[in-house]
Amino acid sequence: MTYEVLARKWRPGNFQDLVGQEHVVRALVNALDSDRIHHAFLFTGTRGVGKTTIARILSKALNCEQGVSSKPCGTCSACTEIDEGRFLDLIEVDAASRTKVDDTRELLDNVQYAPSRGRYKVYLIDEVHMLSGHSFNALLKTLEEPPPHVKFLLATTDPQKLPVTVLSRCLQFSLKRLSREQISGQLKTILESEKIKSDAGSIDAIARAADGSMRDGLSLLDQAISFGAGELLVNDVTDMLGTIDPQGVDNMLDALQDQNADTLMAAVASLVQIGGDYSQIIDALLLRLHEIALAQTDKKLVSDSAGNMDKLLKFADEMPAADVQLYYQIALHGKRDLPLAPDPRTGLEMMALRLLTFQPVAESKPVTNQSVPKTEPAAVSNKQPASTSTSQQPAPAVTASAVTNTASEASPAAAIAPETSKNITQNITMDSPWTDIVNALQISPLVKQLCSNAAMQKDSTFDVSLVLDQSHGQLLNKDRELELKKAMESLWGKTIKLKIELGKPSNDTPAATKKKELDSKQHAAETAINKDENIQALQESFGATIKPGSVRSRV
Ligand SMILES: [Zn+2]
């Protein structure tokens, strides 16, 4: 069994099957159905967007034995011969390989003769801008006084190289690059029909690489099918294309959200290991940030074919818009400076560390609050009849507390929150290390501060006895003590007796332990960061500051 390449097998045979170029098709269909057909058409556009495909369908429409119409039958001998490329009255010329004036003259000498069996003699001249000046003159002469039985279908990727005298005699159609959705939609249709399994990421990767050209998309699909031994998986496809694993980029963004230097550097290392080009890795990050920013502006702006849509929307919801913008700028600078780095890997890693280091603290709050006024009670109450006013009462309260929570989460007290927010409540007993207990407790930021600066001590008359570092004595009050007691009772499911006294903890408090760790690691990391000239550039460009304690060494 011979394998027919997809681009040929799936070449649309009629206007209805054509993907995209609706504006061109509509004009041609109207012209054909009203029998007002110009004698010369010029189709422009980049490669693989359907210029010659449309021209071939048009020549079928003109020569179908069933009559001129926008729906050639596809089964008569004229239609099938055109499909098979052996119709005598369709003269196809690739001007790129036929630039000698004699060739064109010879070609145009025959124009005066009537078609041998069709209704029209159709000249399809591809890459018409490649014709020499003399050939143009020969063509022009024919275009000026075309015999009624001749139609010219010209195609070019470079209309600017055509003389105005030719342009002015043609009906010009400019074909658009195909969108990623149009290409991935067609790829999906083909894969389903060919019964080839695929994941969404692989189709997206191919559609992206096709860069607006359906023909390129189908050729890449051909390659991917043979590369993947009949099944399309995103890892295989990114391998084949030499592009970046989109999951790796999402891992980087996850690590940034968690402010976790270790997982960030691990994500970078894994992207590098898969064989990505350093600049391409940054490009992939830039593209993802662009998608996130679009989704934050309006979810409708994000194309269906964006990779891992659930994850994208999650990032869009959770990342402050100011962070996304700053990440984009930092990545852009990182890409620009890549050739200047001692080696590309260093440049990439420094960019990643910069992403971790800079946070637009001041800007993040207004952005978080920005969407809230839209749901203000006023807007709600306008739509509600007066009788339901009691039932809507709670709504403003919920809104208000949501704002409060958001604001407090963004406060400096939340700086220790990321690690503690991931609760591992299983297996936490009263005998567990105090740090683990603190991490498992559902408590407000200030109570968390209190706990972080306290240590546990043995006391036979109390279930839990804490010594709070007296330098943080101002954190202790009755309300916070009660909140902590309730949180512990909720964690362990029983009433407990709690004592908190001020003093000098005999063991390290979680805060002290953390500070020791940070101090040693941070010294090395911050020294490196501060040496970087780009840091100064960023500080000047964005008014950014290095967040104390946010720089962490990998080791
Ligand atoms: Zn036909």
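In listed order, ligands and their atoms are each counted from 1. Since the structure is predicted, the reported quantities are computational estimates derived from the model, not experimental observations.
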| field | Electrostatic pair Glu349-Arg354, nearest N-O below 4.0 angstrom | value |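 A salt bridge is absent here (no side-chain N lies under 4.0 Å from a carboxylate O).
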Contacts under 3.5 angstrom, residues 328-336 side chains, donor-acceptor by atom type, not counting sequence neighbours:
from	atom 1	to	atom 2	distance (Å)
Lys335	NZ	Asp283	OD1	2.8

What is the distance from atom CD of Gln325 to atom CD1 of Ile292, rounded to the nearest 0.5 Å?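 It comes to 11.0 Å.
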Just verifying a value: how many Å separate Thr52 OG1 and Glu92 CD, rounded to the nearest 0.5 Å?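 Nearest 0.5 Å value for the OG1-CD distance: 7.5 Å.
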### Message
Could you enumerate the protein N, O or S atoms under 2.8 Å from the Zn ion (ligand 1), written like residue then atom name?
### Response
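Short answer, with waters excluded from the count: Cys64 SG, Cys73 SG, Cys76 SG, Cys79 SG.
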Would you kindly check if the NZ (Lys) or CZ (Arg) of Lys51 is within the cone defined by 45 degrees around the ring axis of Phe43 and under 6.0 Å from the six-membered ring centre?
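No, a cation-pi geometry is absent between Lys51 and Phe43.
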message: For the CD atom on Glu144, are there more than 12 heavy atoms of other groups (residues, nucleotides or ligands in this structure) within a distance under 6.0 Å?
response: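 Counting other residues, nucleotides and ligands, CD of Glu144 exceeds 12 neighbours.
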